[in-house]
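What you are looking at is a predicted structure, and each value in this text was computed from that prediction instead of being measured. Throughout, numbering of the chain's residues begins at 1 and tracks the sequence.
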Amino acid sequence: MKQMKDSGIEWIGEIPEDWELIKIGSIFRCRNEKVNDTDYPPLSVTRNGIVPQMENVAKTDANDNRKMVKFNDFVINSRSDRKQSCGVSDLDGSVSLINTVLYTENTDVILPEYTNLLLKNYGFAEEFYRWGHGIVADLWTTRWQEMKSIVLPLPNTQQQEEIVRFVQKKVCGIDNLIAHEQATIDELKAYKQSVITEAVTKGLDKSVSMEDSGVEWIGKIPESWSISKIKMLADETQENAFIDGDWIESPYIEDTGIRYLTTGNIGDGVFKRQGNGFISNETFTKLQCKYAYPQDLIFSRLNEEYGRSCILPNDYDRYVIAVDNVILRTNEDKKYICYVTQCSNYHKAVFFYARGTAMKRISRTNLGNVAIPLPSIAEQQQIADYLDKKCADIDSLISIKQQKIEELKEYKKSFIYEYVTGKKEVA
């Protein structure tokens, strides 16, 4: 084992005695040439590295106000909410101005492959964040002026080559294990989807006679079942039995009062505990808002999966929900309906009615006209109870696999860190 010395820098710790400590600004230069995205194809800066611009990213009209990127440049997103979105580029192209583009002619000091390992590891990512500035965490930015003073631990290029070969081989093995676990998760999710679809469209008794439902996404159903449009499920004896939420502008959102929910709270069959918005009783009265209550069934009209639904929890005694959600008060079994709305074919049927360009949504009228299969209340409850147990078992297996993936990712992070800071040496 090599002799170690204290670097005097917290994120680096001890390094081998023959390693150097060099400021980024001593070996890299900042590339600021402005180009257009016609001559220099747009690139995306992601946690997986620098890739051709993805279709789902937000695009601007600043087509001729971008930064040039050349082969082997290191590109990093300067915002803290894009932590570890960086990498050495295998492509010529252009990126948005929020990114910092670095290049070096000192390949006798640092190799591109080693740059990728060293500056993508989580230890550097935290140090990069520490040197930044801003008002709040998600607007925190680290510019070149700060970045160039960050100190890097560097072995000689021969050691760099050895570390790169060893780490890349090991990381490839870890990534294969992660991919295997993810493939198993995908299979389990597909199986769960098939279990739900089979139960809510065919029932639990396989001996019953079937007939065509007349609805493409549903197919055949038991003869004793019926088909109902979602709006027909509403219990008209209850107030606001099938109605949109309220339009609440951001100045009305406060820290206390009546809990305010958005489309982000409505998951696919599950309530998502996120956000912390409230509105005051005065605002409620002024805007003539409508209450939603615990155990109300809520549909979301905005964002995929369109038409998803969940049952509100007992966290608060009442809620106000955003306009792109719909309250449905019904005498049918709500858990059963939630399971119906988790079917992939149901989502496809709802998506057909979604309208919009930048942001699609389905109107309450169109949502209300979507047909679903409807057995008797007793059978709805039986199906819901069966799926509760079956899905819980599948979810438990998925959770175990997800935990394994997180453990592998943590091991990968610490493994890379230990080798690029010299804590461990290549045997």
> Name all pairs fulfilling the ring pair (Phe, Tyr, Trp, His ring centres under 6.0 Å) condition that reach into residues 234-260, sequence neighbours left out, sorted by first residue then second.
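Residue pairs with at least one partner in residues 234-260: there are none.
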> Measure the CD1-CD1 distance between I372 and I230 for me, rounded to the nearest 0.5 Å.
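If we round to the nearest 0.5 Å, I372:CD1 and I230:CD1 are 5.5 Å apart.
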> Before giving the answer on side chain to side chain contact (heavy atoms under 4.5 Å, CB included), spell out for Q53 and L43 the whole-Å C-alpha distance, their side-chain angles and the decisive distance to 0.1 Å.
CA-CA 4 Å; Q53 189 176 73; L43 304 173; 6.0 Å; no
> Is there side-chain contact between R143 and S78, with at least one heavy-atom pair below 4.5 Å?
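A side-chain contact under 4.5 Å exists here.
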> At what distance, to the nearest 0.5 angstrom, does CE of M232 lie from CG of L374?
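Those atoms lie 11.5 Å apart.
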> Decide yes or no on side chain to side chain contact (heavy atoms under 4.5 Å, CB included) for L119 and L152, but give the supporting numbers first.
CA-CA 9 Å; L119 300 191; L152 301 177; 3.7 Å; yes
> How many angstroms lie between CD1 in I279 and CG in L287, if you round to the nearest 0.5 Å?
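One finds 6.5 Å between CD1 of I279 and CG of L287.
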> Looking only at heavy atoms, which two atoms of I221 and T201 are closest? And how far apart?
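It is CG2-O, 3.4 Å.
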> Going by atom types alone, do Q182 and D186 pair a side-chain donor with an acceptor below 3.5 Å?
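Short answer, yes.
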> Around D205, counting heavy atoms of other residues, nucleotides and ligands shown, do more than 12 lie under 6.0 Å from its CG?
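Buried by this count: over 12 neighbours within 6.0 Å.
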> Strictly distance-based, threshold 3.5 Å: is any side-chain N or O of N265 a donor or acceptor partner for the main-chain N or O of Q274?
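Looks like yes, one N/O pair under 3.5 Å.
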> For D393, is there an ion pair with K389 - N to carboxylate O distance below 4.0 angstrom?
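A salt bridge links K389 with D393.
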> Cation over ring, K148 on F28, under 6.0 Å and within 45°?
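No, cation not above the ring by the 6.0 Å, 45° rule.
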> Is it true that, when you exclude M210 itself, more than 12 heavy atoms of the residues, nucleotides or ligands shown sit nearer than 6.0 Å to its CE?
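Enclosed.
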> Indicate yes or no: does R301 engage D324 in a salt bridge with an N to O separation below 4.0 Å.
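Salt bridge present between R301 and D324.
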> Using only heavy-atom distances, determine whether the side chains of N116 and E113 contain a donor-acceptor pair under 3.5 Å.
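The criterion, which ignores hydrogens and geometry beyond distance, is not satisfied for E113 and N116.
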> Could you tell me whether the side chain of S7 and the main chain of G13 form a donor-acceptor pair under 3.5 Å?
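At least one qualifying donor-acceptor pair exists.
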> Look at the rings of Y319 and Y316 and say which category their plane angle falls in: under 30° parallel, 30 to 60° tilted, over 60° perpendicular.
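Correct class here is perpendicular.
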> Only counting residues at least two apart or in another chain, list the ones meeting ring-ring contact (aromatic ring centres under 6.0 Å, His included) with Y293.
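Expected list: Y291.
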> Taking the side chain as C-beta and beyond, is there a heavy-atom pair between S44 and I50 under 4.5 Å?
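They are not in contact (no side-chain heavy atoms under 4.5 Å apart), so the answer is no.
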> Distance check, rounded to the nearest 0.5 Å: E418 atom CD versus E425 atom CD?
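Result: 13.0 Å between the selected atoms.
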> If you look at every heavy atom in R329 and N240, which pair is closest and at what distance?
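Heavy atoms of R329 and N240 come nearest at NH1-O, 3.3 Å.
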> Answer whether the closest heavy-atom distance between the side chains of R361 and R355 falls below 4.5 Å.
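No - every pair of side-chain heavy atoms lies 4.5 Å or more apart.
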> Just how far is it from atom CG of L91 to atom CZ of F71, taken to the nearest 0.5 Å?
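Rounded to the nearest 0.5 Å, the CG-CZ separation comes out at 9.0 Å.
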> How are the rings of Y417 and Y122 set relative to one another: parallel (under 30°), tilted (30 to 60°) or perpendicular (over 60°)?
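Because their plane-to-plane angle lies in the 30° to 60° range, the rings of Y417 and Y122 count as tilted.
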> Does atom CG of D315 have more than 12 heavy-atom neighbours from other groups under 6.0 Å away?
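Counting other residues, nucleotides and ligands, CG of D315 exceeds 12 neighbours.
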> Are R259 and F278 in a cation-pi contact, defined as NZ or CZ under 6.0 Å from the six-membered ring centre and within 45° of the axis?
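Yes, R259 lies over the aromatic ring of F278.
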> Is there a side-chain contact between T197 and K202 (heavy atoms, below 4.5 Å)?
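No, side chains not in contact.
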> Counting heavy atoms not belonging to K290, are there more than 12 under 6.0 Å from its NZ?
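Yes, the 6.0 Å shell around NZ holds more than 12 heavy atoms from other groups.
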> Rounded to the nearest 0.5 Å, what separation is found between the CG atom of D246 and the OG1 atom of T283?
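One finds 11.5 Å between CG of D246 and OG1 of T283.
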> Kindly list each side-chain donor-acceptor pair under 3.5 angstrom involving residues 170-181, sequence neighbours excluded, with atom names and distances?
from: D175; atom 1: OD1; to: K412; atom 2: NZ; distance (Å): 2.9
from: N176; atom 1: ND2; to: C172; atom 2: O; distance (Å): 3.3
from: E181; atom 1: OE1; to: K401; atom 2: NZ; distance (Å): 3.4

> Quiz question: by atom type and distance under 3.5 Å, do the side chains of T46 and N48 form a donor-acceptor pair?
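Side-chain D/A pair, T46 to N48: absent.
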> Ignoring hydrogens, what is the shortest heavy-atom contact between P375 and Y336? Give both atom names and the distance.
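Heavy atoms of P375 and Y336 come nearest at CD-OH, 3.2 Å.
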> Quick check: closest heavy atoms across V88 and P112, and the distance to 0.1 Å?
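Heavy-atom minimum between the residues: CG2-O, 3.4 Å.
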> For residues 343-373, pull every pair meeting ring pair (Phe, Tyr, Trp, His ring centres under 6.0 Å), keeping only residues two or more places apart or in separate chains.
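Of all non-adjacent pairs touching residues 343-373, those that pass ring pair (Phe, Tyr, Trp, His ring centres under 6.0 Å) are W217-Y346, Y306-F351.
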> Below 4.0 angstrom, N of the basic side chain to O of the carboxylate: do R364 and D244 qualify?
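Yes, this pair counts.
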> Take atom CD in E10; do more than 12 heavy atoms of anything else shown fall under 6.0 Å from it?
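No.
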> Counting N and O atoms only, with roles assigned by atom type, does the side chain of N99 sit under 3.5 Å from a partner on the main chain of S96, one being a donor and the other an acceptor?
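Yes, because the side chain of N99 sits within donor-acceptor range (under 3.5 Å) of the backbone of S96.
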> Do I416 and V167 make a side-chain contact, defined as non-hydrogen atoms from C-beta onward lying under 4.5 Å apart?
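The answer is yes, as the side chains (C-beta and beyond) meet within the 4.5 Å cut-off.
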> Ignoring hydrogens and geometry, is there a side-chain-to-backbone donor-acceptor pair from K120 to A125 under 3.5 Å?
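Flag not set: sc K120 to bb A125 has no pair under 3.5 Å.
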> Are any side-chain N or O atoms of Q380 and backbone N or O atoms of D333, one a donor and one an acceptor, separated by less than 3.5 Å?
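Between the backbone of D333 and the side chain of Q380 there is a qualifying donor-acceptor contact (under 3.5 Å).
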> Compare every heavy atom of A371 with every heavy atom of I218, then report the nearest pair and how far apart it is.
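Residues I218 and A371, closest heavy atoms: CD1-O, 3.9 Å.
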> With sequence neighbours left out, write down each residue that passes side chain to side chain contact (heavy atoms under 4.5 Å, CB included) with S194, or none if nothing qualifies.
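Residues passing side chain to side chain contact (heavy atoms under 4.5 Å, CB included) with S194: Y191.
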> Under 3.5 Å, is there a donor on one side chain and an acceptor on the other for W225 and E379?
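A donor-acceptor contact under 3.5 Å links the two side chains.
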> Return yes if a side-chain donor-acceptor contact under 3.5 Å exists between S399 and S396, otherwise no.
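Short answer, no.
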> Is there side-chain contact between K206 and E198, with at least one heavy-atom pair below 4.5 Å?
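Contact flag for K206/E198 side chains = yes.
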> As a quick check of understanding, evaluate salt bridge (Lys or Arg N to Asp or Glu O under 4.0 Å) for K70 and D92, giving each step before the final call.
CA-CA 4 Å; K70 302 293 286 183; D92 288 348; 3.7 Å; yes
> Please determine whether the number of non-hydrogen atoms from other residues, nucleotides or ligands lying under 6.0 Å from atom NZ of K83 exceeds 12.
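Yes - once you tally the heavy atoms of other residues, nucleotides and ligands closer than 6.0 Å, there are more than 12.
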> Would you confirm whether E254, through its side chain, and G277, through its main-chain N or O, come within 3.5 Å as a donor-acceptor pair?
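Side chain of E254 to backbone of G277, a donor-acceptor pair under 3.5 Å: no, none is there.
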> Keeping the roles fixed (side chain from N314, backbone from P294), state whether a donor-acceptor pair exists under 3.5 Å.
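Not at all, since once roles are kept as given, no pair shorter than 3.5 Å links the two residues.
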> Could you check whether any side-chain heavy atom of I362 comes within less than 4.5 Å of a side-chain heavy atom of L302, counting everything from C-beta outward?
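No, too far: nothing below the 4.5 Å cut-off.
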> Look at R308 together with E305 and state whether they make a salt bridge at an N to O cut-off of under 4.0 Å.
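Looking at R308 and E305, the cut-off is not met.
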> Treating K231 as the side-chain partner and S228 as the backbone partner, does any N or O pair qualify as donor plus acceptor under 3.5 Å?
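Such a contact is absent between K231 side chain and S228 backbone.
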> With a 4.5 Å cut-off on side-chain heavy atoms, are C338 and I311 touching?
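I311 reaches C338 side chain to side chain.
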> Between K67 and V101, is there a donor-acceptor pair closer than 3.5 Å when you use the side chain of the first and the backbone of the second?
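No; zero donor-acceptor contacts below 3.5 Å.
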> Please check if the side chain of N369 supplies one atom and the backbone of T365 the other of a donor-acceptor pair under 3.5 Å.
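Yes, N369 side chain to T365 backbone: donor-acceptor pair under 3.5 Å.
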> Might you point out which heavy atoms bring I383 and G203 nearest each other, and give the distance in Å?
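Scanning both residues, the minimum pair turns out to be CD1-CA, 4.2 Å.
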> Among residues at least two apart in sequence or on other chains, which ones pass ring-ring contact (aromatic ring centres under 6.0 Å, His included) with Y339?
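With sequence neighbours excluded, Y339 shows a ring-ring contact (aromatic ring centres under 6.0 Å, His included) to no residue whatsoever.
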